[in-house]
Amino acid sequence: MCQYLLLSIRYTPIISVDIESSFSMYKNIPSDNTVSFTSENLEKYMISKKSHAHTTYERYTHRVVRGAPCGCSRQPLPSRTHRNAIAVNIDIRRGRHADHATATSRKFAARRSTHITRQLKSAADPIDDAKLWTLALAPSIRTGVINISDGFLNIEEFDGICKGLFRNDRGIVYSLDVHTLKHIFNIFDTKKDGLIDRQEFTMCWNKWIKTIIRPVNIFLIIDVQNDFITGSLNISNCSAQQNGLEVIEPINHLLDTVNFDSVFYSFDWHPIDHISFIENLSLRPLDSSSQIKADNAKLYDTVIFEGSPKIKQRLWPKHCVQDSWGAQLYKDLKVVDNAVKIYKGTISDVDSYSVFWDNKKLTQTTLGTQLAQLNATDIYVCGLAYDVCVGATVADALSIGYRTILIDDCCRGVDLNDIEKTKNHVVKNHGVIAQSHEIKTMVEGRDRRPELGYKLALEIEKSMEKENSKEKENYK
């Protein structure tokens with residue numbers, strides 16, 4: 001007689017859906033080593049209508065070692081998993097999940113969650129809301145944190161969702177501090193009643209959770225050009241004495257191993273009479289407010305040119321002149337197919353550190369428009385120089401509202417103090433500073449950082465405030 005070993009039962013709640021729609025919603029979800037009940041057997045496990053909402057526990061999955069219960073198909077789990085897994089008990093009648101798992105079973109759950117994430121990220125079919133719901137809530141539901149049969153989420157249950165969202169690829173949870181958790185909860189509790197109802201959660205789901213789980217990832221490689229590595233503005237000659245050549249290997253490794261949605265390369269691309277060149281200092285009069293005069297100005301000094309507005313400019317050696325060898329990407333840097341190239345600093349009378357804007361915010365490059373067309377959410381930034389063009393670009397990305405990741409070991413800079421200022425600005429504005437070995441799991445959605453979730457929530461809050469202001473103006 002076949003022996004059955006019940007390893008686990010997993011369920012996911014969906015508010016206000018019937019049995020048949022629940023089953024059809026999930027029957028095609030990619031799943032290995034699992035078996036799914038038929039619609040007939042599923043009905044035995046449905047929860048009847050509640051006063052506030054009809055909650056359907058619509059996908060129970062039994063994992064078995066040998067044989068299969070009636071109405072199920074069988075796919076055995078690997079033997080090591082057999083030994084490690086432990087039964088999880090569910091009180092069906094009360095709609096509660098009593099998790100008696102040991103530390104070993106929690107590791108099993110974390111591995112399973114990671115595998116689901118990988119499958120959903122690589123699935124050829126579009127990821128619908130139901131699948132995203134499973135990915136977002138499964139860890140918290142498995143551990144009994146969430147029970148939304150009443151149709152509402154309180155802050156403790158919302159914290160459970162956050163613990164399911166914000167974790168790394170090893171299943172370790174990134175906990176939100178109390179202030180941040182309350183702030184995010186209050187953003188989506190638009191009725192300010194201390195609960196998130198179905199309507200509020202729909203907004204939270206569409207604007208927040210979806211983006212966290214399925215971001216659009218952009219890799220922005222800044223100014224890895226000859227002149228900054230071995231040419232006229234070799235940054236190793238600057239005060240930080242950092243070698244720009246050291247960014248090539250980690251950047252190439254990321255290009256080879258990480259599947260970004262799009263890759264951008266930026267170029268410093270200056271006309272020969274550019275305002276930043278110390279060789280051109282005599283071409284433009286200095287303003288009387290400039291503490292450094294033309295006669296005693298030295299390389300890397302900052303002067304103020306006349307103009308409306310006045311132009312504060314650091315003086316650099318002539319570099320990255322349009323169509324010159326110094327403006328070309330370094331020969332060992334990998335250039336991927338279908339990459340986008342962005343040219344900045346093309347106007348003679350104003351410099352452009354940021355890949356988004358010139359230094360006076362008078363003209364934009366094409367970057368902003370192209371990111372909008374791609375519906376970009378997450379920008380991974382690296383290149384040269386850390387505290388100049390990389391720093392200015394990161395600052396603009398954060399101010400625009402992008403979830404921004406600065407890849408520390410793929411950057412080299414000019415001044416150590418300014419590099420620290422760049423890092424502090426990123427952290428203060430809810431960006432992330434990461435190392436190149438961490439990027440793959442972040443892009444694949446297996447390492448989801450709470451700083452980026454909070455950044456997104458803040459941007460949603462700003463958008464809601466703007467909408468409310470417009471509505472008030474329209475009523476006047």
Mind checking whether [X] and [Y] have ring centres under 6.0 Å apart?
X: Tyr343; Y: Phe267; answer: yes
X: Phe201; Y: Phe188; answer: no
X: Trp316; Y: Tyr300; answer: yes
X: Phe166; Y: Tyr174; answer: no

Using a 6.0 Å cut-off, check whether atom [atom1] of [X] has over 12 heavy atoms from anything other than its own residue.
X: Lys192; atom1: NZ; answer: yes
X: Lys455; atom1: NZ; answer: yes
X: Glu249; atom1: CD; answer: no

Only residue of Asp378, Val426, Asn217 satisfying side-chain contact (heavy atoms from CB on, under 4.5 Å) with Ile405 is Asp378

Go through it in stages, so that I can follow the logic: the residues are Asp358 and Thr363, the test is side chain to side chain donor-acceptor pair (under 3.5 Å), and I'd like the CA-CA distance, side-chain angles, deciding distance and then a yes or no.
CA-CA 6 Å; Asp358 65 65; Thr363 57; 2.6 Å; yes

Tell me, with the steps shown, if Arg449 and Glu451 meet salt bridge (charged side-chain N to carboxylate O under 4.0 Å, His left out).
CA-CA 5 Å; Arg449 302 295 179 92; Glu451 301 96 319; 5.3 Å; no

How are the rings of Trp208 and Phe158 set relative to one another: parallel (under 30°), tilted (30 to 60°) or perpendicular (over 60°)?
parallel

Within a strict 4.5 Å, meaning less than it, do heavy atoms of the Lys440 and Asn259 side chains meet?
no

I'd like to know if the side chain of His183 pairs up with that of Glu461 as donor and acceptor (distance under 3.5 Å, no hydrogens or angles considered).
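Looking only at side-chain atoms, Glu461 and His183 do form a donor-acceptor pair, the distance falling under 3.5 Å.
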
Please determine, by modelled atom types, if Thr190 and Glu200 share a side-chain donor-acceptor pair under 3.5 angstrom.
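There is such a pair between these side chains.
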
Could you walk me through whether Ile235 and Tyr386 satisfy the side-chain contact (heavy atoms from CB on, under 4.5 Å) test, starting with their C-alpha distance in whole Å, then the side-chain angles of each, then the deciding distance to 0.1 Å, before giving a yes or no?
CA-CA 10 Å; Ile235 64 169; Tyr386 202 138; over 6 Å; no

For the side chain of Thr393 and the backbone of Val355, is there at least one donor-acceptor N/O pair under 3.5 Å apart?
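Indeed, once roles are kept as given, a pair shorter than 3.5 Å links the two residues.
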
Enter the distance from Ile292:CD1 to Lys298:NZ here, rounded to the nearest 0.5 Å.
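Between Ile292 CD1 and Lys298 NZ, I get 6.5 Å after rounding to 0.5 Å.
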
One pair to check against salt bridge (charged side-chain N to carboxylate O under 4.0 Å, His left out): Glu306 and Lys310. What are the steps and the verdict?
CA-CA 5 Å; Glu306 286 183 355; Lys310 300 174 184 178; over 6 Å; no

Might you work through the side chain to side chain donor-acceptor pair (under 3.5 Å) test for Asp268 and Gln225, ending with a clear yes or no?
CA-CA 8 Å; Asp268 240 12; Gln225 295 165 271; over 6 Å; no

